[in-house]
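We name chains A, B, ... by the order of the sequence lines, and we start the count at 1 in each one. Keep in mind it's a predicted model, so treat the numbers as computed, not measured. For the numbers below, each heavy atom of this structure counts, side chains included, while hydrogens, waters and symmetry mates do not.
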Amino acid sequence: MDFDTPLAEAWVRAIAAAVEKEQGRLTELDSAIGDGDHGSNLRRGFSAALAALDGLRPAGPGAVLTKVGSTLISKVGGASGPLYGKAFRAIGAALPDPALADPTDPAGPAAVAEALAAGLDAVRTLGKAVPGDKTIVDAYTPAVAAFRAAAGAGATLPEAAAAAAEAADQGARDTVPLQARKGRASYLGERSIGHQDPGATSTALLFRALADVTAS
Amino acid sequence: MDFDTPLAEAWVRAIAAAVEKEQGRLTELDSAIGDGDHGSNLRRGFSAALAALDGLRPAGPGAVLTKVGSTLISKVGGASGPLYGKAFRAIGAALPDPALADPTDPAGPAAVAEALAAGLDAVRTLGKAVPGDKTIVDAYTPAVAAFRAAAGAGATLPEAAAAAAEAADQGARDTVPLQARKGRASYLGERSIGHQDPGATSTALLFRALADVTAS
Amino acid sequence: MKKLINTPESVLEDALAGVAAAHPELTVDIPNRVITRAARPAGPKVAVISGGGSGHEPLHGGFVGPGMLDAACPGEVFTSPVPDQMLAAAKAVESGAGVVFIVKNYTGDVMNFELAAELAAEEGLAVRTVLVDDDVAVEDSTWTAGRRGTGATVLVEKATGALAERGAPLDEVAALGERVNAASRSFAIALTAATTPAAGKPGFDLPEDEIEVGVGIHGEPGRRREKLRPARALAAEVVDTILADHHLAPGDEVIALLNGLGATPLLELYIAYGEVAARLAERGITVARSLVGNYVTSLDMAGFSLTLTKADPQLLELWDAPVDTPALKRA
Amino acid sequence: MKKLINTPESVLEDALAGVAAAHPELTVDIPNRVITRAARPAGPKVAVISGGGSGHEPLHGGFVGPGMLDAACPGEVFTSPVPDQMLAAAKAVESGAGVVFIVKNYTGDVMNFELAAELAAEEGLAVRTVLVDDDVAVEDSTWTAGRRGTGATVLVEKATGALAERGAPLDEVAALGERVNAASRSFAIALTAATTPAAGKPGFDLPEDEIEVGVGIHGEPGRRREKLRPARALAAEVVDTILADHHLAPGDEVIALLNGLGATPLLELYIAYGEVAARLAERGITVARSLVGNYVTSLDMAGFSLTLTKADPQLLELWDAPVDTPALKRA
Ligand SMILES: Nc1ncnc2c1ncn2[C@@H]1O[C@H](COP(=O)(O)OP(=O)(O)O)[C@@H](O)[C@H]1O
Ligand SMILES: Nc1ncnc2c1ncn2[C@@H]1O[C@H](COP(=O)(O)OP(=O)(O)O)[C@@H](O)[C@H]1O
Ligand SMILES: [Mg+2]
Ligand SMILES: [Mg+2]
Ligand SMILES: [Mg+2]
Ligand SMILES: [Mg+2]
């Protein structure tokens with residue numbers, strides 16, 4: 001399996017569906033240590049991203065994800081809009097785009113790993129969070145590490161994506177005992193301890209969606 | 001027993017105590033069909049009246065009640081302030097005042113009946129309510145009638161006051177099925193039916209207080 | 001009950017202390033409970049005095065200042081003021097041209113202002129009373145105390161205040177006030193009940209999905225209860241209810257006051273106003289001027305009222321006239 | 001949840017339609033979510049642009065007009081606006097003298113305005129950003145996102161707006177904004193939590209006898225919970241907390257903003273202000289100017305915030321300068 005345009009689109013659709021389904025939980029998590037809008041923020045963003053895809057065909061997977069990133073930046077707002085927006089733009093830019101490159105050499109697991117890593121770099125550059133700050137970074141970092149390790153060990157795209165999803169889930173759960181040091185939750189100080197971070201949770205949804213669409 | 005200055009003062013004190021005790025109930029009744037301030041209105045008024053009495057001695061019973069009326073007008077506001085204020089001023093003006101009249105000829109039951117009736121007239125002149133409108137008038141009218149009848153039949157002041165208290169109580173209870181046509185409760189139309197009128201209820205307290213202080 | 005107060009008994013006095021501290025341009029006589037402008041008029045002018053129970057802020061104290069009221073008499077919460085207040089206010093601000101009392105039509109207000117007018121007349125003052133009764137929720141019949149005075153009070157105060165400022169004589173100012181009132185109709189919807197400090201609990205119980213339609217500003221219940229509906233539907237109902245009672249024809253102009261009852265966010269008031277404006281347009285009524293915000297509140301009640309005043313060139317001109325009060329300012 | 005809305009999704013758009021209908025003196029670009037003055041400046045002037053999540057009305061749209069903001073960019077409820085809005089606003093109102101962005105210090109606001117500033121710079125606009133971070137409830141350390149921007153925003157917007165109106169150059173306007181922010185501290189107490197339309201229930205549960213001390217304007221919980229106390233005690237605590245963090249000495253003058261969080265009656269805000277003024281007097285601080293009312297709200301949250309800005313002749317003069325916006329007017 002290659003990371004081609006249909007797969008990119010399927011990923012975005014799967015994220016949109018997951019966000020729709022989990023909107024309530026994301027909002028609930030954000031109410032506990034934030035301002036209760038993370039679910040509706042992402043829902044607004046990914047439904048706009050879906051709509052934006054329709055005007056794009058035919059485009060490469062990189063163009064699809066770049067467009068998703070731009071749409072998120074334009075529609076979400078809040079902390080997660082620029083962060084996820086920049087991430088998808090970076091992933092899109094880093095993915096070998098068949099429209100530009102040799103169409104017979106589509107992105108394999110290693111190239112996808114580097115593209116996902118570029119997304120993480122974008123998040124860290126903009127948000128300046130480090131692992132342990134109780135943010136998106138805490139799910140994204142282990143997910144990239146797992147994806148990269150699997151790809152390096154010769155895994156297929158579905159296998160690497162599944163490993164990344166597992167790691168992201170674990171990373172999200174591991175935010176529970178952390179004290180937030182970035183974003184709105186940091187105002188809570190010690191009172192942020194004991195709650196799972198909404199952004200890390202949505203990052204896990206993103207990676208789970210990738211695993212789902214590559215597996216099927 | 002005569003209606004002398006100590007009795008007038010005792011009556012005012014008894015009213016103030018009753019209002020203090022029943023404030024919650026009056027407010028509750030007024031919440032149901034009005035704006036929930038009748039208890040605090042009367043409490044404010046009668047505690048000011050008590051304070052005003054201290055500066056009055058020695059004065060006749062008429063002067064005491066006139067002062068109470070003026071104080072109620074100055075301190076209560078709302079519908080009940082002017083109505084009870086005018087009533088007490090009229091009662092005070094109508095009571096034979098020992099300071100002016102022959103000190104050996106104090107007010108007997110018949111004179112008290114006429115003074116109380118003057119109070120009712122004042123209420124009706126100012127408020128333009130008739131019996132059946134679900135107001136103060138519905139307790140006050142039967143109370144005066146009973147007092148007058150008793151006095152006419154040769155009753156003592158305690159006996160006449162007890163009869164008036166009984167009639168006022170009954171009059172207040174009889175407001176329950178009425179539809180209000182005056183005051184704030186009239187806005188409710190048929191929804192005012194089924195609730196006892198707060199003003200009629202406080203009028204019954206006034207007459208009950210008179211019965212209590214004359215009896216003891 | 002959670003309230004930002006010291007004690008239920010001291011609410012009015014404590015609030016007046018705050019008004020005094022916040023507004024050096026006003027004189028607050030705390031013992032007499034009278035708010036006046038700190039600066040007296042240069043020559044004789046009709047004094048416009050309003051008053052009513054507290055809990056409706058900024059009404060009335062927030063409208064004292066050049067171009068609007070000369071004095072306000074705040075009563076206890078939801079309780080009309082006492083005659084002594086109006087007399088003290090009249091004596092403080094009259095300057096030889098007479099006094100207009102603006103009175104909302106509630107039994108208590110009417111009687112207390114009536115007694116005040118008698119006392120003022122005894123002191124040789126010329127007094128006119130303008131009664132405001134704009135709430136179409138109440139049938140005006142011999143079976144009720146008549147329509148309540150609500151949002152139109154702001155328009156009556158603004159117009160009479162502007163006219164008085166120009167030196168118009170007493171009868172003219174009073175007649176204008178009556179004209180503005182006659183040209184005005186209001187209707188209100190409550191999402192929650194108000195809690196007075198004295199009562200300590202809501203004036204009525206309203207289920208989590210119901211609203212009170214035609215509510216009064218003291219929490220007097222309204223025409224009926226119904227399920228909460230979208231703002232668009234509520235706005236249409238409020239507009240239609242007022243128009244059913246108002247002598248307005250397509251093409252007529254109105255001044256519209258979309259008023260918050262106290263606890264409704266301005267964001268929602270703007271949503272309601274957008275729907276009101278759309279509905280009025282559908283019905284062919286032109287909004288010449290509008291005002292959106294909390295002007296005649298009912299403590300912490302959530303909801304809104306709409307007041308529509310038929311406009312004409314004189315009213316618009318007076319509405320636009322300069323005013324400088326805590327709650328309404330125009331250069 | 002009882003709200004005067006159509007749907008949770010359309011809250012912002014519907015409210016903007018209402019703002020457009022109510023304020024002909026403003027231009028509301030609903031698709032782009034930008035509010036600007038209808039009248040463009042005569043010559044080049046620095047454009048002052050602010051923005052942030054909705055739900056804090058009248059902030060920011062209510063402060064657009066001569067003497068204050070050139071444009072406001074409202075985000076979704078409690079969500080910072082997107083860079084496209086700020087770019088559209090900048091392009092709409094810049095007149096050759098550059099643009100100042102006023103940004104409250106929240107991660108989302110900071111990042112979105114940062115992206116907007118990049119985009120604007122790409123378009124050749126000169127942009128300066130003023131960060132507002134006045135809330136002393138948050139420790140400003142490397143362990144947090146820094147202090148939140150709250151009530152001081154009104155003062156920054158007023159002062160920079162007044163200075164820009166006079167033709168001051170870009171760097172001077174931005175430097176003034178930073179100076180006002182540095183001179184300001186705020187602290188808030190909530191009696192109830194806000195309910196966003198999207199969440200449908202209160203952001204936090206607060207028992208019937210407890211308050212949240214040091215709360216944020218999005219319902220971010222504060223320093224601690226405690227029992228409700230009389231207004232006098234709460235006012236003293238708020239004043240003392242601010243003074244503990246502020247470089248104020250007895251004899252200093254301040255501008256005081258006693259701000260309602262949305263659902264607290266004005267009557268109670270005046271009570272709180274009276275107590276604040278008394279406490280400041282005790283501490284030897286002189287209130288040179290004050291403002292009491294709902295200016296930086298948090299939807300239907302009950303409670304108040306206090307902002308104290310150290311005053312000096314320039315700030316007072318800018319504070320007193322003419323302004324003509326929906327929510328703040330001065331002749
Ligand atoms: N500096 C940051 N770096 C990475 N992620 C962050 C940062 N700040 C906040 N986040 C993430 O954003 C999430 C909140 O997103 P959202 O609720 O949409 O925005 P907002 O906080 O503006 O309401 C947090 O749960 C956290 O994971
Ligand atoms: N016109 C009237 N004549 C007689 N009594 C009246 C009249 N209007 C109102 N009342 C009485 O006043 C009572 C309410 O008093 P109160 O609550 O103190 O004043 P308000 O209605 O102004 O809040 C009513 O219960 C009723 O008995
Ligand atoms: Mg959030
Ligand atoms: Mg009452
Ligand atoms: Mg009352
Ligand atoms: Mg947010």
Side-chain angles (χ1 to χ4, degrees), chain A residues 23-24 26-45 47-48 69-86 89 123 125-130 133-136 179-192 195 199, chain D residues 8-9 33 51-53 55 73-85 87 106-116 119 135 137-139 141-148 193-204 214-225 298:
Chain A
Q23 186 194 346
L26 295 176
T27 289
E28 201 131 309
L29 292 174
D30 196 33
S31 293
I33 57 171
D35 57 354
D37 60 357
H38 192 54
S40 54
N41 284 349
L42 291 191
R43 182 179 182 228
R44 187 171 59 250
S47 68
S70 302
T71 305
L72 294 179
I73 291 175
S74 293
K75 296 293 175 190
V76 175
S80 57
L83 290 167
Y84 281 134
K86 283 272 188 181
R89 283 180 61 86
V123 168
T125 302
L126 182 61
K128 302 186 184 66
V130 297
D133 282 353
K134 195 167 186 134
T135 70
I136 289 172
Q179 172 169 341
R181 284 189 297 234
K182 279 279 181 288
R184 216 177 277 283
S186 71
Y187 303 138
L188 281 166
E190 297 188 350
R191 288 164 77 181
S192 65
H195 300 273
Chain D
E9 291 73 29
R33 292 160 184 214
C73 304
E76 294 289 329
V77 172
F78 288 2
T79 301
S80 73
V82 300
D84 310 42
Q85 291 173 261
L87 183 64
Y106 299 96
T107 304
D109 293 69
V110 169
M111 292 192 305
N112 283 284
F113 270 95
E114 198 175 305
L115 297 188
L119 295 173
D135 185 350
V138 176
E139 260 184 279
S141 77
T142 49
W143 303 97
T144 69
R147 290 192 155 166
R148 300 178 287 227
T195 299
T196 63
K201 52 181 205 209
F204 49 84
V215 77
I217 56 173
H218 310 89
E220 305 97 333
R223 287 189 173 183
R224 66 174 180 284
R225 280 187 185 182
S298 181

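Closest of all the heavy-atom pairs between A:Gly77 and D:Asn112 is C-ND2, 3.7 Å. Smallest separation of non-hydrogen atoms from A:Asp37 and D:Phe78: OD2-O, 3.0 Å. When every heavy atom of D:Met111 is checked against every heavy atom of A:Gly127, the shortest pair comes out as SD-CA, 4.2 Å. Closest approach of D:Ala198 and A:Ser40 over heavy atoms only: CB-OG, 3.8 Å. Closest of all the heavy-atom pairs between A:Gly183 and D:Ala145 is O-CB, 3.8 Å.
Contact tally against chain A (heavy-atom pairs below 4.5 Å) for D:Gly52, D:Ala137, D:Gly75, D:Pro83: the top residue is D:Pro83. Of the listed residues A:Ser186, A:Gly36, A:Gly189, A:Ala180, the one with more heavy-atom pairs under 4.5 angstrom with chain D than any other is A:Ser186. Note on A:Leu188, A:Ile73, A:Asp133, A:Leu83: by heavy-atom pairs under 4.5 Å with chain D, the leading option is A:Ile73.
For A:Ser74, the parts sitting under 4.5 Å from any heavy atom of chain D are the backbone and the side chain alike. Within the 4.5 angstrom heavy-atom criterion, no atom of D:Phe204 approaches chain A. In this structure, chain A has heavy atoms under 4.5 Å from both the backbone and the side chain of D:Ala199. Of the two parts of D:Val77, only the backbone, made up of N, CA, C and O, holds a non-hydrogen atom closer than 4.5 Å to a non-hydrogen atom of chain A. Residue A:Ala185: no heavy atom, backbone or side chain, is found under 4.5 Å from chain D. Within the 4.5 angstrom heavy-atom criterion, only backbone atoms of A:Lys75 (N, CA, C, O) approach chain D. Contacts between D:Glu114 and chain A at a heavy-atom distance below 4.5 Å involve the side chain alone, from C-beta outward.
The distance from the CG atom of A:Leu126 to the CG atom of D:Leu115 is 6.0 Å, given to the nearest 0.5 Å.
Electrostatic pairing of D:Lys201 and A:Glu28 counts as a salt bridge here, judged by a charged N lying under 4.0 Å from a carboxylate O.
Without hydrogens or angle criteria, A:Asp35 side chain to D:Glu220 main chain gives no donor-acceptor distance under 3.5 Å.
Using a 4.5 Å heavy-atom threshold, the side chains of D:Thr107 and A:Lys182 count as separate.
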